[in-house]
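Just follow the structure's listing: the first ligand is 1, and inside any ligand the first atom is 1. Since the model is a prediction, treat every value here as computed from it, not as a measurement.
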Amino acid sequence: MKPIPYGRQTISQEDIDAVSTSLQSDYLTQGPTISAIQSAFSAYIGSQYAVAVSNGTAALHLSALALGLKPGQKVLTSSLTFVASANCVQYAGAEVDFVDIDPKSYLISLELLEAKLASVPKGTYAGIIPVDFAGLAVDLEKLKEIAVKYNCWILEDSCHSPGGYFIDSKGEKQNCGNGNYADLAIFSFHPVKHIATGEGGMICTNNKALYEKLMSLRSHGISRDETKFKNSIQEAGGNPGDLNYPAWYMEMQDLGYNYRLTDLQAALGLSQLKSAAKRLDKRKQIAETYYEAFKNEDFVCNLSPANPAHAYHLYVIQVSKRLELYNFLRSKNIFAQIHYFPCHLMPYYQEKGWKVGMLKNVEEYYKGCISLPMFPGLEEAEQQYVISSIKEFYQK
Ligand SMILES: *Cc1c(COP(=O)(O)O)cnc(C)c1O
């Protein structure tokens, strides 16, 4: 058996052709493919606007800045996430505060979150960053009620959940990242995610002002829109009496960054997007197969039936003897992974006062979690090999 990773990209001949075509065009960066992927992605997710950026971490950083996050403010997020969800708060000079997970869903506990908000003066927290962990949607309708009550913005980390959704109280399907409840939502196009561009990311929103702010921050805070220029036509180099700015003139109005996606990456992403629904179905099939294989096994606990609303970025099971199982699988060329070591126990955050014992649910979760291979290119025989190897381990 060749090595089986926990996740990897699927690249088709169409994807390769799309990148080749893009290489022969006039643009390597910021050409027409950027706006094309923004439109196609917002249509796929169901948001009004989308801003393509260089990666998911840049998406988080720009989002925090666009939302006006400042030193002295605090933001709540889950400790069960990739560190970038929390780090964006620190980038803005603000302070992240971690909330424990619900032990059944592994998502941020809305009860504990509200208790934290209620225990301090209103205004202490500027925002909340919920994470659709593994691909399961946070109930943003409920979260929004809490956010409104405490005057917090919501930045949804949807890196795991493109194509995932929840059903709201009106019975309507709400896609992860669609911006109906969250102010902003971010995605990553890292190779293990649903859509791969090498490095890449996207921010979705229904808020026009935030969209415009993000477009500016993505590229140095420079504006080319003469209706918004702050310097006068003469200051820009025009002659007295001119009604228009010189055509070359642009101006930097905010401190932005270079967080642009290239046209090559956008071409790959646009092509990947066309087959995203098919790959999502494959992920759901894989989840179904794992569930059927393990539902009657007592070495796996807290197993949920395959869920059509889940985007299955990860397939996490809870087991005993996790380290031994992990090493056994490695010896059989199966590279399972652990998601995640709790964020609050990373040395950087421990230096800020976080300690073992502070968030019991996520610490307990970490002891037994293991992510099984889950990617659209996983062949049936490979998945059966993974399943039989796990069973073999527990029968020893
Ligand atoms: C992958 C990921 C990120 C960061 O995305 P990059 O593109 O790697 O910067 C942020 N949050 C979560 C939950 C992720 O899985």
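- For the 3.5 Å distance criterion, the side chains of S161 and D132 qualify, holding a donor opposite an acceptor.
- You'll find the side chain of W153 reaches within 4.5 Å of the side chain of L69, heavy atoms only.
- Distance from atom 11 (N) of ligand 1 to its nearest protein heavy atom, with residue and atom name: D157 OD2, 2.8 Å.
- Of all atoms in ligand 1, listed by their number and element, those nearer than 4.0 Å to a heavy atom of G56 are 5 (O), 6 (P), 7 (O), 9 (O).
- Here the protein heavy atom with the shortest distance to atom 14 (C) of ligand 1 is K193 NZ, 3.1 Å.
- Taking 4.5 Å as the limit, every side-chain heavy atom of I233 sits out of range of all side-chain heavy atoms of N244.
- Close contacts of ligand 1 with Y340, meaning ligand atoms under 4.0 Å from a residue heavy atom, involve 15 (O).
- Y106 and N302 share a donor-acceptor pair across their side chains, judged by distance under 3.5 Å alone.
- Separation of the H160 and Y312 ring centroids does not fall under the 6.0 Å cut-off.
- Taking every heavy atom of S85 and a limit of under 4.0 angstrom, the matching atoms of ligand 1 come to 11 (N).
- Ligand 1 places these atoms under 4.0 Å from at least one heavy atom of N55: 7 (O), 9 (O).
- Considering each of S188, A84, P191, A59, the one bringing a non-hydrogen atom nearest atom 8 (O) of ligand 1 is S188.
- Checked against a 3.5 angstrom limit, the closest N/O atoms of H160 and ligand 1 fall inside it.
- Shown in contact with C159 at under 4.0 Å from a heavy atom are these atoms of ligand 1, numbered in order with element: 2 (C), 3 (C), 10 (C), 11 (N), 12 (C), 13 (C), 14 (C), 15 (O).
- Scanning all protein heavy atoms for the shortest distance to atom 4 (C) of ligand 1 gives T57 OG1, 3.7 Å.
- D183 and N207 form no side-chain donor-acceptor contact under 3.5 Å, judged by distance and modelled atom types alone.
- Ligand-side atoms of ligand 1 in range of T81: 13 (C), range being under 4.0 angstrom from any heavy atom.
- Remark: aromatic rings of F41 and F187 are close, center separation under 6.0 Å.
- At under 3.5 Å, not a single nitrogen or oxygen of H190, backbone or side chain, sits near a nitrogen or oxygen of ligand 1.
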(request) Evaluate the criterion side chain to side chain contact (heavy atoms under 4.5 Å, CB included) for residue pair M215 and Q38; output intermediate values, then yes/no. (result) CA-CA 11 Å; M215 289 292 277; Q38 290 179 166; 4.2 Å; yes
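- Proximity of F229 to Y245: side-chain heavy atoms (C-beta onward) are separated by under 4.5 Å at one or more points.
- Here is the list of ligand 1 atoms found below 4.0 Å of a heavy atom in F82: 2 (C), 3 (C), 4 (C), 10 (C), 12 (C), 14 (C).
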